[in-house]
Amino acid sequence: MILAGCLMPLLAQQPDTNTKKWKLVWSQEFEHDGQPDSTVWNYEYGFVRNHEDQWYQAENAYQQNGLLIIEARREHKPNPMYREGGRHWGQQRDSIHYTSACITTRGKFDFCYGRLEVCARIPTAGGSWPAIWTLGNGMEWPSCGEIDVMEYYRVRGVPHILANAAWGDDQRYHAVWNSKRIPYSHFTERDPYWAQHFHLWRMDWDKTSIRLYLDDELLNEIPLSSTINGSRGRHLNPFERPQYLLLNLALGGDNGGTIDDAAFPMRYEIDYVRVYQQQP
């Protein structure tokens with residue numbers, strides 16, 4: 001039953017009938033109840049980025065009935081990071097009002113080139129900011145490279161699904177973006193019950209481009225000839241190097257918008273994560 005939402009798109013975009021074949025090289029199927037596999041996944045903790053409203057903690061990521069569930073909750077407790085006069089924005093908040101989770105494969109799994117597939121059902125309530133993304137190692141952001149296979153949030157109050165990549169220029173912490181923002185209505189006009197279904201996000205990444213799809217619809221194609229870092233990234237191309245995975249459900253902050261307190265708990269449900277690579 002769970003696979004139904006991704007089955008038709010998956011069959012529609014099976015490996016190309018050319019001289020090379022796609023081979024499954026890594027997957028997470030989330031078949032056993034409990035915590036995600038600790039040999040694969042790490043947890044982020046605290047207030048991490050983008051002035052987001054959620055406190056990240058491991059308790060909000062769990063496996064149940066064949067799914068990985070990242071659950072955002074309303075919780076009220078003291079912020080253990082709080083420091084009067086603290087320099088980091090996360091230290092300036094004396095309380096936690098929301099919790100969620102971000103899990104990553106940093107230091108445990110990464111890959112360079114191939115096909116990434118994630119079958120998921122995302123929350124679309126106000127303030128929700130789910131994402132499927134990757135980062136590189138060995139350089140600070142954004143020279144490490146970032147690929148946003150999926151983000152969902154509101155742009156000037158209007159819900160959008162985004163497909164992006166970022167890399168560095170000559171200034172520290174300043175990114176060059178190639179972004180596509182597709183209004184959520186583009187999908188719901190075709191399926192008013194879109195949010196109730198599982199969907200297939202896919203990245204095809206090779207030496208020439210990064211192509212980002214949703215249910216086999218191409219959302220963005222990013223030529224690697226354009227993704228060269230500036231001087232801070234030593235003029236290297238971050239997308240010629242391995243990237244690791246992140247799955248998270250953020251709330252509010254710089255992009256999430258006004259949080260709908262009536263929508264909790266919010267559940268971001270992932271059926272599987274799979275990586276393929278081409279074989280001769």
Please confirm whether the backbone N or O of [Y] pairs with a side-chain atom of [X], one donor and one acceptor, at under 3.5 Å?
X	Y	result
R241	N137	no
D53	G253	yes
D37	T39	yes
D271	A120	no
E71	A61	no
S100	A250	no
Y152	T124	yes

Determine whether the aromatic ring centres of [X] and [Y] lie less than 6.0 Å apart.
X	Y	answer
F111	W205	yes
Y213	W201	no
W194	Y184	yes

Restricting to pairs with a member in residues 217-239, which pass ring-ring contact (aromatic ring centres under 6.0 Å, His included), not counting sequence neighbours?
-> none
Atom pair [atom1] ([X]) and [atom2] ([Y]), whose distance is rounded to the nearest 0.5 Å:
X	Y	atom1	atom2	answer
D261	L251	CG	CG	9.5 Å
D191	Q196	CG	CD	8.5 Å
D94	Q91	CG	CD	13.0 Å
N79	Q92	CG	CD	10.5 Å
L247	L249	CG	CG	11.0 Å
Y82	E84	OH	CD	5.0 Å

Side-chain touch [X]/[Y], heavy atoms, less than 4.5 angstrom:
X	Y	value
P36	L68	yes
V149	L116	yes
E146	Q243	no

A125 and M266: which non-hydrogen atoms are nearest, and at how many Å?
-> CB-CE, 3.9 Å
Salt-bridge contact E59-R73 (side-chain N to carboxylate O under 4.0 Å) = no
Same apolar cluster: F198 and F187, side chain cutoff 4.5 Å | no
Do L67 and V273 share a hydrophobic cluster, counting only Ile, Leu, Val, Met, Phe, Trp and Tyr and linking them when any side-chain heavy atoms are less than 4.5 Å apart?
-> no
When clusters are formed from ILVMFWY side-chain contacts under 4.5 Å, directly or step by step, what else is grouped with F47?
-> W55, M81, W89, I96
Other ILVMFWY residues reachable from W177 by side-chain steps of under 4.5 Å | W133, L135, W141, Y244, L246
Applying salt bridge (charged side-chain N to carboxylate O under 4.0 Å, His left out), name anything that partners [X], two or more places apart in sequence or on another chain.
X	result
K77	E75
R106	none
D170	none

State, without any angle test, whether Q279 and W22 hold a side-chain donor-acceptor pair at a distance under 3.5 Å.
-> no
